[in-house]
Structure formats: structure tokens, C-alpha cells
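Quick note on labels: first sequence line is chain A, next is B, and so on, each numbered from 1. The structure displayed is predicted, hence computed values, not measured ones.
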Amino acid sequence: MTQMYNKKVMEHFSNPRNVGEIENASGTGQVGSAACGDIMKIDIKVEDNIIVDVKFKTFGCGAAVASSSIATEMIIGKSVEEALKFTNKDLLKEIGGLPNEKIHCSILAEEALQEAINNYKSKIK
Amino acid sequence: MTQMYNKKVMEHFSNPRNVGEIENASGTGQVGSAACGDIMKIDIKVEDNIIVDVKFKTFGCGAAVASSSIATEMIIGKSVEEALKFTNKDLLKEIGGLPNEKIHCSILAEEALQEAINNYKSKIK
Amino acid sequence: MTEKHRIYLDHAATTPVNQEVLDTMIPYFNSEFGNASSVYSYGRTARIAIEKAKNTIADVIHSLDSEIFFTSGGTESDNWAIRGVMQANEKKGKHIITSTIEHHAVWDTCKKLKKEGYEVTFLPVDGDGLININELNEAIREDTVMVSIMFANNEIGTIQPIEEIGALCKEKNVLFHTDAIQAVGHLEIDVEKMNINLLSMSAHKFGGPKGVGALYVKKGTRIGNLMYGGGQEKSKRPGTYNHVGIIGLAKALEISYKNIKDESKRQLELREALIQGISDNIEEVRLNGHPTKRLPNNVNMSFKYIEGESLLLSLDIMGISASSGSACTSGSLDPSHVLLAIGLDHATAHGSLRLTLGETNTRKDIEDTIDALIPIVKRLRNMSPLYVKGEQS
Amino acid sequence: MTEKHRIYLDHAATTPVNQEVLDTMIPYFNSEFGNASSVYSYGRTARIAIEKAKNTIADVIHSLDSEIFFTSGGTESDNWAIRGVMQANEKKGKHIITSTIEHHAVWDTCKKLKKEGYEVTFLPVDGDGLININELNEAIREDTVMVSIMFANNEIGTIQPIEEIGALCKEKNVLFHTDAIQAVGHLEIDVEKMNINLLSMSAHKFGGPKGVGALYVKKGTRIGNLMYGGGQEKSKRPGTYNHVGIIGLAKALEISYKNIKDESKRQLELREALIQGISDNIEEVRLNGHPTKRLPNNVNMSFKYIEGESLLLSLDIMGISASSGSACTSGSLDPSHVLLAIGLDHATAHGSLRLTLGETNTRKDIEDTIDALIPIVKRLRNMSPLYVKGEQS
Ligand SMILES: Cc1ncc(COP(=O)(O)O)c(C=O)c1O
Ligand SMILES: Cc1ncc(COP(=O)(O)O)c(C=O)c1O
């Protein structure tokens, strides 16, 4: 049953949550490259050490879009420390699994988020 | 359409003419070997230089049986000289063709007949 | 959109089996099922059907019946043609010329041969996907055994100058194989006039069943086996005849060529309408492949800033089946080698969409597809970090 | 005898497609026809069906789903298993052991490898067609890569001591391939218990369609490709999936194993009745193959003084389909290498008849066959120059 998406993936692909950008974002992370076929950009807004808003833009396949969408949902409301612990395993669990050759999309989401947080941290230092 | 027999071949295979042996035959010819899967034995009875009777026995495939049967029919009534001119081409024409890999059966019939005639000639010398 | 309204635009990947073809095949599954190599009656019926099938194919491509060999599909035909000829002609040399836009069945076979010590020249193509006949001429050497250039490309639809290639190969005394898997059933083919020595076809690309193909091998061509076994196909391609598949292949071919002129004209008009409709309504698109030397059923376009699979999935949700590059490579991360070979950058290559027409497609399908594409592209672009202009518009 | 009364006794050559199997296949020809490698919905349905098919096969032979690869039939499975393993394991050596009674798909592949510089040991068999496990043990060398011994013979029905061979190969650390093309669907198979590394099967031998087979490849087995191309089957066996054929194969397998114990007991009783009936009524006959270690559906007998094809044709006229030796070699002049390997002289080998049962055969079929054979043998013997005793009787 590889090479196929489950219902949840398809639902998030069709109605992705939190698409867009945050003006004056607290932090921004962008990973991937057009050459590889996937780019993910995540903006976060942090207030009192809590991630109060996340927005994403993704160029990529269905799994990339759905991973971005679910990741943003999972992160909103978390503290910066909690968010730093977020890994693609959590995402895969929440998403209900991805085809083998699409696992890297969940990793991209993890990396984009980490980069956004690091970007936020570097700014407040 | 190779590997298949026409109606005439099947008819002669099912109802072969002149099966058997001639007691005190004027000449006998046997060619082929069990190892090759085909043995043909032809007996002829010659009276006043005319082949008045021919009988055959054949161990072999459908084409071998049909070739023997048709050959005997073609030869009865012929003079010894006429019979010596008989070739597998005449047989193939009469029979309406054989699959490529069965052409050798018509050659066997020619050879068996020639051997029977030679046998007859050697006796009367 | 209900299932009834699905629009299938991926005929280059595979086609449904034509109902008339299926009806012809059915009795052979269990009434006339005999082994075609047997001497008894059941087998004879199968055998006659196979001989008739060779005759049908030979009539279409202008060959002799005895020059047609059945295979398990396009991949086997390509592998057999190339490996079989290269191995059997080592006395002449170990050099083969092919192009940079071949299907993987040819491309990967050549790459494997290279690893085994053969020499391979991969001839480049221009921006439209055409090889250059002068470059081919220069590439041919003393030790060149064969040229393998596809008839028409499966991704971008470009049709090569087959007759010129054939003439050149004849003049230079090298063998010419063409992967005609996308051409058979769609274009007129004359192996005699085109000087083709070997030609691959696959039934499921023109309304026949999957798992059966054919290789035309011109009389006198030295070719080794890909497989060894029983005496079928003069021992060149052993294995119990898949006579049901063979009957299906021949019937599908016969039907395709019955009114090929009209049908290909009809599809060509739909193709142009589709290209026009997309270009008129969506910005920053480009047509991939040659504008006119092109399969009548092929549209391949790149949509900037978006990625192909998202496009496919979105269309699929709307009931439209399409493809991004070659169906065979879906799931791989690299963009299609064909799109790169015609000079596209990676991002643009990733954003390509292939729409391939079939005989059941109507003008309404084309209109519905354009109507579906416009908002999908807009939505995906708005989601794309690469797209800035017109954002949130 | 009208067509209705035909008695088909050549199931080892090929079987009719079971009606339930055909009904399962039909919708996939043109409703669910999509390319199994595509991302869109049509393709997904085909993909799911293929995964399910792997699961069905894996359940029957006790393997993992991921160890099943689809091919175009038995010939390809055998060729791929042997060539693929030998090429991928050259570091260990170039020696392969097989038997003298293999099907041509194995036999000719090995002979070709020999020409290419590999070393092949052809293990002899005894008068019943069995290999000797001690001889096999002695034949295994340091550089032996694999042993390829068939599960059950297609001509004489003899079943090899597969579990012993598997155990020995495991102990000696050589790979074990078995051509189980006649066994699958008829005997219980456990690749785990039997220590089999590779196993070939072909759908049309057990009520499935022609042109589709499978190769079981144990996880971790080093094997190269026979063909190159797209990414299907983890790139090990490229080419658009023949999903209709695959679905047919799996369904046929499932049906065969549903009540295999009862059906095989039933066929075994018919087999014994046929052997007994012939032996009791016709003089100078011999049973070829092992009397008990034998496929439940196989009868192979030699009739002295007569030639096999005449026997077949005569039976065919009476509406009975049978075979003489292997259907694949019909039309060849040499007698079957299997019959020679078990010690028959040429004449006796030429006079062999194979009758192979299937699930639709009844006791009446057996009686009718015996009744037909008696006068046919008499007639042919009377026509035979080799037969003297009882002439014209
Ligand atoms: C140009 C071309 N060559 C080869 C193939 C391989 O054919 P098949 O999938 O029938 O093996 C295809 C289709 O997949 C093709 O379009
Ligand atoms: C034992 C055995 N091996 C291999 C084959 C070849 O299988 P296929 O004809 O399906 O290619 C057959 C049947 O013909 C067979 O009986």
C-alpha cells in the first residue's frame, strides 16, 4: 500500500490550514530546494515564549503540503521549548503515516520549524 | 499455419490405404530408425515391369503415416521406370503440403520406395 | 464529480482495453485455451489465432509475418532488441548510439551495457526534443553496431525524423532500432520505407491488454536471446504463448488503424484546443516538446512555481487523471531526464503536467479540464514560496 | 464425439482459466485499468490489487509479501532466477548445479551460461527421475553459487526431495532455486520450512491466465536484473504492471489451495485408476516416473512399438487431448531429454504419452480414455514395422 496517501493526508492537502505568511514574523525558516522538488517556508509568531501563530508556504508534493499543514496545527500553542522537541516522528504519528519515499517531507517540516525557532532565538539574543 | 496437418493428411492418417505386408514381395525397402522416431517399410509386387501392389508399415508421426499411405496409392499401377522418377516433391504436391518440420517424412517415403525398387532390381539381375 | 464524469487524460501511461478487443479475447481464456505449441485441436485454434495476429501486425507496419515476435511488453521488446543485437554483433563492434530522451527501458539498458564494457553515445536533443541528423552522422563509427532512437517521446510527444535516421543508418550500414511504443496505434509506420531493422511496441498503449508486446526484427538481423527455454517463436522467445494477449494486441491494432487518419486529426484538434486554452488563461506556462512534430494526443506543459504531483492530486480530486513526466518515474525525486535534456531547469521540470488524449475524450473534456486547471494553479501558486507576483490576488 | 464431450488431459501443458478467476479479472480490463505506478485514483485501485495479490501468494508459500515479484511467466522466472543470481554472485564463484531433467527454461539457460564461461554440473537422476542427495552433496564446491532443482517434473511427474535439498543447501551455504511451475497449485509449499531461496511459478498451470508468473526471492538474496527500465517492482523487474494478469494469478492460486487436500486426493485416485486401466488392458506398456513420489495429476506411459505423435493425433480425433513428452518440444525430432535421462531407449521414449488431470476431469473421462486407447494402440501397432507379435490379430 505504498505510494498512496491516507484520508488525513488528502484532507490536509485539499484544505491546508495556516497557509500564508506572517507580517513581522518572530522567526522564519525555509528549507529544501526547487531542484529537489520541495521547498518549505514556515513563519512563527512568538508571544511570552508561546508560539501563538504559524503560517507556511510550500512548493512540493501532496505529502509536503499535508506535512506542513499538520505541523503548523501541532505547533500552535506550544512553548518554544516544547516546539524544539518536535520531530518528524511526532508528525508521522499524527498524520497516520506516509509512503516510504515521502518520509523526507515530514523531515523537511521538522527542519523548517527548527530553523524558524532558531531564527527567532537568534533575533532575541 | 505450420505445425498443422491439412484435411487430406488427416484423412490418410485416419484411414491409411495399403497397410500391411506382401508375402513373397518382389522388393522391400526399409528406411529411418526408431531413434529418429520414424521407420518406413515398403513392399512392392512387380508383374511385367508394372508395380501391381504396394503395402507399407510405418512407425512414426501423422505425416509419416499419411505420406506412406499416399505414396503407395500413387505408385500402384506405375511402371518400374516411372516409379523410379517418383520424388518427395510429387508426394508433397499430391498431399497438399506438409509443415516444414515434417518435410523429411515425404523424403522417407521416397527413399523407402526407391530402396524397394532397388531391392527388386537386385533380385532380378 | 461522480465516477461517471471522470476524465482520463493519461493515455500515454496506459489505455483501457477497448470493449471490442475484450470481446474478441474472452473466448480464448477458457474455451480456446489450448497450448499453441501442441499438436491437438485446442492448440491448433490458438496457433491459427497467433499466425493471424502476426499477419495483422505485419500489414500495419509493412513487414513480413515472420518478422514479428511476441514479448511481454514494451520493456522486454526494448531490452531484447538492444541487448540481443549488441551481443550477437560483437564481431563488428561494441558501440551503440541512442538519445538523451529515451524511455528508461532503452536508457537504463544502455547504461547497463556501458557498465559491462560496451560503448554508448547519448546523442543530445534540441530544445524541442529533436535529435540532429548531422550529429548522428558524425557519431557513427566503424564499430557502431546500432542506433536506437525512439519514434515519438512518451513525455513531450516529439516525433523524431525516423525516415532520415533510417536512411542514414542504411547508408552507414548500422542497424536501426526504434522504440515505437508511443507511436504504434497513433502514427503511420512503414518499416520498409523508413529502413527500420527493429521496432518495439506494447499493446496497452493502443487499447490492447497489458503484459503483451511485440518486436519486429527484420529478416537477416543477427539477434541473440534475452531468455532461453522452449521452442516457441523459433526458439528466439520461449515461453508458453500468451495467445489471449496476442489476440488482444492484434485486434486493438486493427481497430486503431481502421480510421487512424480521422481519429488522429480529431485528437490533434483537441490537443491544440487544450494548449490554446491553457496558454490563454494561465500565465507563465510553457509548452514542452515540438509544437508541430508532435504526437496528436500529447500535451506537456510546465506551470511555473508549482510542483507536478500537487497538480496531479488536485486534478485527481476533480476527477481528472493526468501525469507528471513519465508515469514510470512517479514517486522518484529527480525530475524527468527528458525535461532536463530539453533544457528545463529543475524547478520548471518539477512543475510539468502531461495530458494525453484517447479516443473517448471529447471537446467537453478539454473545456472541463481547462476550467479545473485555472483555479488549481492559482491555489497552488498562492501556496508556493516561489511565487511572489500576484500573491493573495 | 461432439465438442461438448472433449476430454482435456493436458493440464500440465496449460489449463483453462477458471471462470471465477476470469470474472475477477474482467473489471480490471477497462474500468479499473489505470497504471499501477500512477498517483491518481485509477492507478491506486490497480496498486492495491497488486499488493493484495502478493499477500495471497505469500500466504500460500509462506513467504513475505515483499519477497514476491511478478514476471511474464515461468520461462522468465526461471531465466531471471538463474542468470540474475549467477551474475550478482560472481565474487563467490561461477558454479551452478542443476539436474538432467529440468525444463528447457532452466536447462537451456544453464547451457547458455556454460557457453559464457560459467561452470555447470548436470546432476543425473535414477530410473524414477529422482536426484541423489549424496551426489548433490558431493557436487557442491567452494565456488558453487546455487543449486537449481525442479520441484516436480513436467513430463514424468516425479517430485524431488525438496526439503532435503533445501536443508543441504542451507548447511553448505549455497542458494537454492526451484522451478515449482508444475508444483504450485498442486502441492503444498513452504519456502521457510523447505529452505528455498528462489521459486518460480506460472499462472496458466493452475487455472490462471497465460503470460504472467511470479518469482519468490528470499529477502537478502543477491540477484541482478534480467531487464532494465522503469521503477516497478523496486526496479528489479520494470515494465507497466500487468495487473489484470496478476489479479488472475492470485485468484487462481487462492482457489487452488482452498481445498487442495481433497482435490489432490481425488486426482490421485483418478491417476491410479488410469495407470491401472492402461496396464491391465494393454501389453508392453511402462509407467515413466516415480510410482508414488509423483504429482497427483500426472500419468506418463510408454507404449512399445508406436510413436507418440500418432498416438496423440488418434486420441485427438476421438476428442481426447494429451501430450507426448513436453508440449514445448512438440515438433522437434529428438525424443524428450527427460525420458532419455531416466534411461529409456530412443524408440521407447518416442512412444510416450502424457495424460495430466485437472479439476474438471471425472472418473468417466478416465474410463472413456482407456476405452479409446485400447483400439488405437492396437491399430498403430498393427501398422508398425517394429511390432511382430500378435500381428493382424
Ligand atoms: C516510449 C516507451 N518505451 C517503453 C515503455 C515501456 O513499455 P511497457 O510498460 O509496456 O513495458 C513505455 C511505456 O511505459 C514507453 O512509453
Ligand atoms: C517445469 C516447467 N518449467 C517452466 C515452464 C515454462 O513456463 P511458461 O511456459 O509459463 O513460460 C513450464 C511450462 O511450460 C514447466 O512445466
Side-chain angles (χ1 to χ4, degrees), chain C residues 8 10 13-17 19 22 29-30 33-35 37-42 72-76 78-79 103-105 108-109 111-112 202 204 209-212 226-232 238-245 309 312-313 315-316 321-323 326-332, chain D residues 8 10 13-17 19 22 29-30 33-35 37-42 72-76 78-79 103-105 108-109 111-112 202 204 209-212 226-232 238-245 309 312-313 315-316 321-323 326-332:
Chain C
Y8 184 73
D10 201 14
T14 196
T15 58
V17 174
Q19 188 60 48
L22 186 53
F29 278 109
N30 49 23
F33 66 92
N35 191 317
S37 303
S38 302
V39 291
Y40 53 78
S41 317
Y42 275 122
S72 65
T75 297
E76 185 189 329
D78 283 345
N79 273 263
H103 186 272
H104 281 281
D108 288 12
T109 301
K111 285 197 289 189
K112 182 64 176 28
S202 185
H204 73 97
K210 295 180 184 43
V212 60
L226 192 64
M227 297 181 211
Y228 297 84
Q232 295 90 349
T240 301
Y241 282 104
N242 171 11
H243 70 290
V244 182
E309 195 205 278
L312 288 194
L313 273 180
L315 282 169
D316 191 40
S321 298
S323 156
S326 168
C328 298
T329 53
S330 294
S332 109
Chain D
Y8 184 74
D10 201 14
T14 196
T15 59
V17 175
Q19 188 61 46
L22 186 52
F29 278 110
N30 48 24
F33 66 91
N35 191 318
S37 303
S38 302
V39 290
Y40 53 78
S41 316
Y42 276 121
S72 66
T75 297
E76 184 188 329
D78 283 343
N79 273 263
H103 185 272
H104 281 281
D108 288 12
T109 300
K111 283 196 291 189
K112 182 62 177 25
S202 186
H204 73 97
K210 295 180 183 46
V212 60
L226 191 63
M227 297 180 212
Y228 297 83
Q232 295 91 348
T240 302
Y241 282 103
N242 172 10
H243 71 290
V244 182
E309 196 204 281
L312 288 194
L313 273 180
L315 281 169
D316 190 42
S321 298
S323 155
S326 166
C328 299
T329 54
S330 294
S332 111

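Heavy atoms closer than 4.5 Å to chain C are found in both the backbone and the side chain of D108(D). Of the two parts of L226(C), the backbone and the side chain both hold a non-hydrogen atom closer than 4.5 Å to a non-hydrogen atom of chain D. In this structure, no portion of S202(C) lies under 4.5 Å from any heavy atom of chain D.
Among the candidates N79(C), T109(C), N242(C), D78(C), the residue making the largest number of heavy-atom pairs closer than 4.5 Å to chain D is N79(C). When the candidates L315(D), T15(D), V244(D) are compared by the number of heavy-atom contacts under 4.5 Å with chain C, T15(D) comes out ahead. By number of non-hydrogen pairs under 4.5 angstrom with chain D, the leading residue of P238(C), G245(C), P209(C), G74(C) is P238(C).
Counting only heavy atoms from C-beta outward, the side chains of H104(D) and Y228(C) never approach each other to under 4.5 Å. Between H204(C) and F33(D), the closest side-chain pair of non-hydrogen atoms is not below 4.5 Å.
Judged by distance alone, the side chains of D10(D) and S321(D) never bring a donor and an acceptor atom under 3.5 Å apart.
Between atom CD of residue E76(D) and atom CE of residue M227(C) there is a gap of 4.5 Å, rounded to the nearest 0.5 Å.
F29(D) and F29(C) have tilted rings, their planes meeting at an angle from 30° to 60° on a 0 to 90° scale.
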